[in-house]
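Let me begin by presenting the structure, written as structure tokens, before commenting on it.
Note that these values count all heavy atoms, side chains included, but never hydrogens, waters or copies made by symmetry. As the structure is a computational prediction, the values presented were derived from the model and not from experiment. Every number for a ligand or one of its atoms is a count from 1 in the order of the listing.
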Amino acid sequence: MHWNRLATSLALAASGAEALLRFSCSQLVVERLDPLVNPGSAPSPHLHQIVGGNAFNITMDPKTPPPSQATCTTCTFADDFSNYWTAVLYFKARNGSYHKVPQKPNSGFEQANSGMTIYYIPYIGNTKSTVTAFKPGFRMLVGNHASRTKEETSQYRQLTYTCLETIMTRTGETLDMPNKPCKVGIMANVRFPTCWDGKNLDSPDHKSHIAYPATGTFENNGPCPATHPVKIPQLFFEVIWDTSKFNDKSLWPTDGSQPFVWSQGDATGFGNHGDYVFGWKDDALQKAMDTNCNINCPQLKTQTIAAGNKCSRAVQVNEKVDGWLDAIPGMSPGMEGMSK
Ligand SMILES: *[C@@H]1O[C@H](CO)[C@@H](O)[C@H](O)[C@H]1NC(C)=O
Ligand SMILES: *[C@@H]1O[C@H](CO)[C@@H](O)[C@H](O)[C@H]1NC(C)=O
């Protein structure tokens, strides 16, 4: 299947055959804010987990990009003040209560305080190609929190889940939430489109300024469409949800469905989505892409994971998001049942 092939390509890439940046960004905050889709709203409609620079805020003016506002970042590349965020996963118990699923650091980043693994990939395979790094003020969104069908999520091509048997499992990606207990956890994979219109830093739906290759895929070096001719790096998040303490089948719904629900009230998994506000300092990202460095990048300024863990920012929307809850923050109890 399509997504298995992608995973295989990436496994090759991670083994050192290709070029890519792979790094850890620890948790910054978990709260109901979304400066991309709902600027000015505190709270925003649903809960997010956010990593990156501490300039993340209720509103983020594209005219004052993160490097001019942030004083630290949770990422190990110290010049990356971007913000990256996704929804938050909850477990729904048989009695209707919800509990936030903890996050787990990825392989190689065990000291990280939750967060995610970020990749910027200039190309996959043997055909080297050049990419144009994002410009100050650039932002984008992939996926739709309201998607509840395979057809809807397939438009985004590469929003998937990996059922982790071990921390290294990278095969068997699915478009919907795994329907069986996953020993080590569920990894949500969020890959963004790789073509840009070359003009707009954003668009009203935060998606129209970006596109997928006209034919083929990013992975097989398919060309960008004439409307979006500029090839950009493939931005990719891996987010690991440690479902292990909820894996006892006697806790799962009696109707055979799986118990995990995204914070927008989605129990299908098709509403997987990710947000990006570019915030690399100067031309650090372009330099890294041009030199095709692999995983580590000697010319980039780095900091330890421990230093990234220390970067913080005050929570602005105060509400209970952890422990047993009658409803997911911002949602009505049981609403995920209505959206199926
Ligand atoms: C967030 O925005 C508010 C005003 O909207 C401002 O007062 C505050 O300083 C900002 N916080 C950070 C960390 O930038
Ligand atoms: C609901 O079920 C969970 C898991 O069994 C339990 O820990 C929690 O206390 C229960 N909540 C209520 C309100 O009964």
Does a donor on one side chain and an acceptor on the other come within less than 3.5 Å for Tyr212 and Arg157?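 Absent: no donor and acceptor within the cut-off.
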Give me the pairs of N or O atoms, one from ligand 2 and one from the protein, that sit under 3.5 Å apart.
unit_1: ligand 2; atom_1: 2 (O); unit_2: Asn95; atom_2: OD1; d: 3.3
unit_1: ligand 2; atom_1: 2 (O); unit_2: Asn95; atom_2: ND2; d: 2.3
unit_1: ligand 2; atom_1: 7 (O); unit_2: Trp324; atom_2: NE1; d: 3.3
unit_1: ligand 2; atom_1: 11 (N); unit_2: Asn95; atom_2: ND2; d: 2.9
unit_1: ligand 2; atom_1: 11 (N); unit_2: Ser97; atom_2: OG; d: 3.4
unit_1: ligand 2; atom_1: 14 (O); unit_2: Asn95; atom_2: ND2; d: 3.2

Sequence-distant partners of Asn95, side chain to side chain donor-acceptor pair (under 3.5 Å), two or more places apart: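 Scan of Asn95 (side chain to side chain donor-acceptor pair (under 3.5 Å), adjacent residues dropped) gives Ser97.
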Could you pull out all residues at least two apart from Thr86 that satisfy side chain to side chain donor-acceptor pair (under 3.5 Å)? Gln49
Please determine if Asp266 and Arg148 form a salt bridge, counting it only when a charged side-chain N lies under 4.0 Å from a carboxylate O.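 So Asp266 pairs with Arg148 through a salt bridge.
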Between Glu110 and Lys104, is the closest basic N to carboxylate O distance under 4.0 Å?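 The answer is no: the pair does not qualify as a salt bridge.
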Residues in salt bridge (Lys or Arg N to Asp or Glu O under 4.0 Å) with Lys287, at least two apart?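 Lys287 satisfies salt bridge (Lys or Arg N to Asp or Glu O under 4.0 Å) with Asp283 once adjacent residues are dropped.
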Polar contact flag for Asn57 and ligand 1 (N/O pairs, less than 3.5 Å): yes
